[in-house]
Number of protein chains: 2
Amino acid sequence: MKQTGDLNLVKKINKSIVLHHIRTDSPISRARIAEITGLTKATVSSLVNELIESSLVDEIGAGESSGGRKPMMLLFNGTAGYAIGVDLGVHDILAVLTDLTGKVISEKRVQHDNASVEAVIQLLRTTIRELIDSAPQSTYGIIGIGIGVPGICDDDGNLLFAPNLSWENVPLQKDIEETFHIPVVIDNEANAGAVGEKQFGAGKDTANLVYISIGIGIGAGIIIKGELYRGATGFSGEIGHISIQHDGPKCRCGSLGCWELYASEHALLEQARLELGEPAQLDKLLSKAEAGDEKVIALFERLGYYLGVGVVNIINGYNPEFIILGGRLAGAEKWLMKPLLQLLEKRSLPLPRKRLNVEFSQLSDRSTVLGAASFAVSKFFASTTVSIDGN
Amino acid sequence: MKQTGDLNLVKKINKSIVLHHIRTDSPISRARIAEITGLTKATVSSLVNELIESSLVDEIGAGESSGGRKPMMLLFNGTAGYAIGVDLGVHDILAVLTDLTGKVISEKRVQHDNASVEAVIQLLRTTIRELIDSAPQSTYGIIGIGIGVPGICDDDGNLLFAPNLSWENVPLQKDIEETFHIPVVIDNEANAGAVGEKQFGAGKDTANLVYISIGIGIGAGIIIKGELYRGATGFSGEIGHISIQHDGPKCRCGSLGCWELYASEHALLEQARLELGEPAQLDKLLSKAEAGDEKVIALFERLGYYLGVGVVNIINGYNPEFIILGGRLAGAEKWLMKPLLQLLEKRSLPLPRKRLNVEFSQLSDRSTVLGAASFAVSKFFASTTVSIDGN
DNA sequence: TAAGTTTGTTTAATGAATTTACAAACTTTC
DNA sequence: GAAAGTTTGTAAATTCATTAAACAAACTTA
């Protein structure tokens, strides 16, 4: 049933507000937190002391006086525990160990050939195990594992469908949880990427952003009012399958003229094959474009146009403040950005466009893995701020 | 800053939970509410008695015993106050007086020729005045006015842009508030329609629905987790301007191939003119189709196809549980539904479609006006208790 | 050195929920 | 029809997080 109100809830709310300010505005004093939040000094003091008790906050010494007693400055203790983030890709696994602030402590990257589901999961297990073993000693240890996957998940952490891996109904969360006995969160790689960008990338101060992952297909993570939008049944953002040509070519999803048939890596390589007369690879196309090959540059520019078509749809449909383009094709920003922006200028409604930013990701291929780690940290705080005192 | 927690908040939360159950599950006893919510009987008793004190709840006598003392049944007192809902259309105004349950008490419908902004607003004022005067005596009187408008609004109740009225920057909320000194809420007609459908129509038990208003243009109201999704800058759902043909004909919005160029009433009439060689009107086309005119039926069926194209995009983009089609064209359900469903069957991804319903509105042209009244009621409860969101 | 400011803690008060107890009103059972 | 058990709703005592007020410590300024 719905959450009712009691004193426990009040404390949980206030404690997480206090912790939030220590995490984002640190170093900060108790008095300043009281001033910002409207809580009394006594309340803040009490909550801060509990947070110190539980190792999540440290006092780092006196700050500058503003005409009276010097304030004791507080800092979030990012090393009270560690999280693991994983980007389970189609051809590789990228995994990081981060502290509670999201700072990367160590990183592993391994290739896989997707020989079997079990083989990949086994590789995943050994990769995670190595990172766990590399973690420094800490109060809470490894507090969780977040995994971004190239497919659709349900609420129970099952990977329902991952077309580019040809996986179906893999109980990934349960599997990894049983291996390590640590809380595991599974989510779509674009959702994870969106969270990564919001926490650590260009979207830091934004509550409404759309992260578009342009890879073999196109996926999107949508953050509304600071929260991921998952749709009714736990997955949305199948934005790659928004049709931009109702009578266009058939997509494997059953529809016609889907955006990702025009604006994905797969689409680019297919066009390159048709126009250049030979199978192409992304890195080769990139170096050719870099060398000034006009035919290849034209290919990228056309891709930029098609990206723009879909971005206009996203603007009109979601009215975000921020659109961040990421994924493998983010490396082609140089040639994609201009035609994309030109199209936006011409085609998007002026009102939704007013307060909008469109940028390529600054985190390169780490948006997803950082977001995944962030899922684990969020889950930890969601479960802890309530019962951390133990009473 | 963010809302902090205190005893007041706890009480607000619990009081609104209790009221929510009385509103939705009535008649209901105190004991049953305690059982459902997890609150203690003492707490429920105390809160219920305050609600009775404030006239929002009535005791209606003893219910059936289940083996012990008979329970005292509680009922929400819908007549403690009245709300006004308005659908400000392009050619007419529909306004209703409802009680707090949304039951329509009286109704007014007037035509207008949009001679000037001031003339329409004056007509709006006299219409509202008549409804106010027709309201029965009650504890709280007229608790608010909600207005659905065919355009884009900002948070301050300004009608920024209404293309089909040719209005721009009209401070409608302020204007009506100053006339009646009653709280006024302004919102887009599709947003109001979505809320109307959720409260009173087909979407009653749904937290995630999209209401598509097919009128002269196409608008949409999107409800996510029981709340309207407004986008970053207060308006979204410009779904009519999602392109379904990236190189299609130019739309007045600047883009090419927008959905509403294919699937709106305007589009239908334009096609009718081209194919039948004479200017057409919707009601005439409807009667011709009714009479079995195959050419006209084919027009509707093609419209159904184009509706489906956009609906597939909405399914893939928002993954709602429920899509409700409303607006003037809802009257053509008979010919639109079949090609629409056929298209969905063929083109939408199986997973998002699984738990999805697509229906035409049952409220005919009252979705918007009922939703608008509901806005006023919600605002009233938000100020007295705390927002009542429907699970 | 004295006066004023700022920080953070202590103490008492507030009030909403919980726990426990209980009376009243019913039904069931023998 | 009386006794036993159940259900409903209220009352009294307790709990606990917040607030308000007072205060000591630490610092700046004049």
Side-chain angles (χ1 to χ4, degrees), chain A residues 1-19 21-22 27-53 57-74 385-391, chain B residues 1-19 21-22 27-53 57 59-74 385-386:
Chain A
M1 185 45 225
K2 216 153 97 187
Q3 168 79 45
T4 57
D6 60 4
L7 288 181
N8 204 16
L9 176 72
V10 169
K11 189 164 186 178
K12 181 184 161 187
I13 291 173
N14 291 339
K15 203 168 188 174
S16 76
I17 289 175
V18 168
L19 184 57
H21 280 98
I22 297 175
I28 190 170
S29 69
R30 292 168 174 82
R32 178 85 184 111
I33 294 173
E35 192 186 337
I36 295 174
T37 58
L39 295 166
T40 60
K41 290 185 292 172
T43 303
V44 172
S45 236
S46 150
L47 294 173
V48 163
N49 291 339
E50 285 186 24
L51 288 169
I52 290 174
E53 193 69 29
V57 170
D58 282 335
E59 293 185 328
I60 53 159
E64 285 289 289
S65 162
S66 60
R69 174 175 161 181
K70 282 183 179 170
M72 177 56 72
M73 303 313 277
L74 304 166
T385 34
V386 217
S387 55
I388 201 155
D389 49 1
N391 38 323
Chain B
M1 188 43 224
K2 217 151 96 188
Q3 167 80 41
T4 57
D6 60 6
L7 288 181
N8 204 14
L9 175 72
V10 169
K11 189 164 186 176
K12 263 187 174 177
I13 290 172
N14 290 340
K15 203 168 185 175
S16 82
I17 289 175
V18 169
L19 184 57
H21 279 99
I22 298 175
I28 189 171
S29 68
R30 291 169 175 82
R32 178 85 182 111
I33 295 173
E35 191 185 338
I36 296 175
T37 59
L39 294 166
T40 61
K41 289 185 293 174
T43 302
V44 172
S45 234
S46 153
L47 293 173
V48 163
N49 290 339
E50 284 185 28
L51 288 168
I52 291 173
E53 194 69 28
V57 169
E59 293 185 331
I60 54 159
E64 285 288 290
S65 162
S66 60
R69 175 174 161 182
K70 283 184 179 170
M72 176 57 72
M73 302 313 276
L74 304 166
T385 61
V386 101

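We name chains A, B, ... by the order of the sequence lines, and we start the count at 1 in each one.
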Distance in angstrom units between [X] [atom1] and [N] [atom2], rounded:
X: A:L74; N: C:dG8; atom1: CG; atom2: C1'; result: 11 Å
X: A:L47; N: D:dT18; atom1: CG; atom2: C1'; result: 10 Å
X: B:I17; N: C:dA17; atom1: CD1; atom2: P; result: 10 Å
X: A:I28; N: C:dT7; atom1: CD1; atom2: C1'; result: 14 Å
X: B:L51; N: D:dG9; atom1: CG; atom2: C1'; result: 16 Å
X: A:E64; N: D:dA26; atom1: CD; atom2: C1'; result: 14 Å
X: B:L9; N: D:dT19; atom1: CG; atom2: P; result: 11 Å
X: B:K15; N: C:dA16; atom1: NZ; atom2: P; result: 10 Å

Phosphate oxygens OP1/OP2 of C:dT18: is one of them under 4.0 Å from a side-chain N or O of B:T43? yes
Under 4.0 Å: is that the gap between some side-chain N or O of B:S65 and OP1 or OP2 of C:dC26?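 For C:dC26, neither OP1 nor OP2 has a side-chain N or O of B:S65 closer than 4.0 Å.
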Between [options], which nucleotide has the shortest distance from any of its atoms to the side chain of [X]?
X: B:P71; options: D:dT18, D:dT8, D:dA20; value: D:dT8
X: B:V10; options: D:dT18, D:dT8, C:dA17; value: C:dA17
X: B:A42; options: C:dT18, C:dA23, C:dT10; value: C:dT18
X: B:K11; options: C:dC26, D:dA25, C:dA17; value: C:dA17
X: A:N14; options: D:dT18, C:dG8, C:dA17; value: D:dT18
X: A:K70; options: D:dC27, C:dG8, C:dA17; value: D:dC27
X: A:T40; options: C:dA17, D:dT19, C:dT19; value: D:dT19
X: A:L7; options: D:dA24, C:dA24, D:dA17; value: D:dA17

Considering every strand and a 4.0 Å limit on heavy-atom distances, what is the contact class for B:K41: base, sugar-phosphate, or nothing?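 Answer is base: heavy atoms of B:K41 come under 4.0 Å of a base.
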Please work out if A:S46 contacts a base, only the sugar-phosphate, or nothing of the nucleic acid, heavy-atom cut-off 4.0 Å.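 Touches nothing.
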Let's test your reading of the model: under 3.5 Å, does the base of C:dT7 pair with the side chain of A:R69 as donor and acceptor?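 In this structure, the two groups form a donor-acceptor pair.
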For B:S29, run the side chain to side chain contact (heavy atoms under 4.5 Å, CB included) check against B:M73, B:M72, B:K70 and tell me which one passes.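 When side chain to side chain contact (heavy atoms under 4.5 Å, CB included) is applied between B:S29 and each of B:M73, B:M72, B:K70, only B:M73 qualifies.
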[X] side, atom [atom1]; [Y] side, atom [atom2] - distance, nearest 0.5 Å:
X: B:I33; Y: B:L47; atom1: CD1; atom2: CG; result: 9.5 Å
X: A:N14; Y: B:L9; atom1: CG; atom2: CG; result: 9.0 Å
X: B:T4; Y: A:L39; atom1: OG1; atom2: CG; result: 5.0 Å

On DNA chain C, nearest-nucleotide positions of A:M73 versus A:D6: which is more 5'?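 Counting from the 5' end, the first nearest nucleotide belongs to A:M73.
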Quick check on DNA chain D: between B:M72 and B:G5, whose nearest nucleotide comes earlier from the 5' end?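 Its nucleotide being nearer the 5' end, the pick is B:M72.
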Nearest non-hydrogen partners of B:V44 and B:R30, listed with the distance: CG1-O, 3.6 Å
Tell me, yes or no, whether the heavy-atom count around A:E53 atom CD, taken from other residues, nucleotides or ligands under 6.0 Å, exceeds 12. no
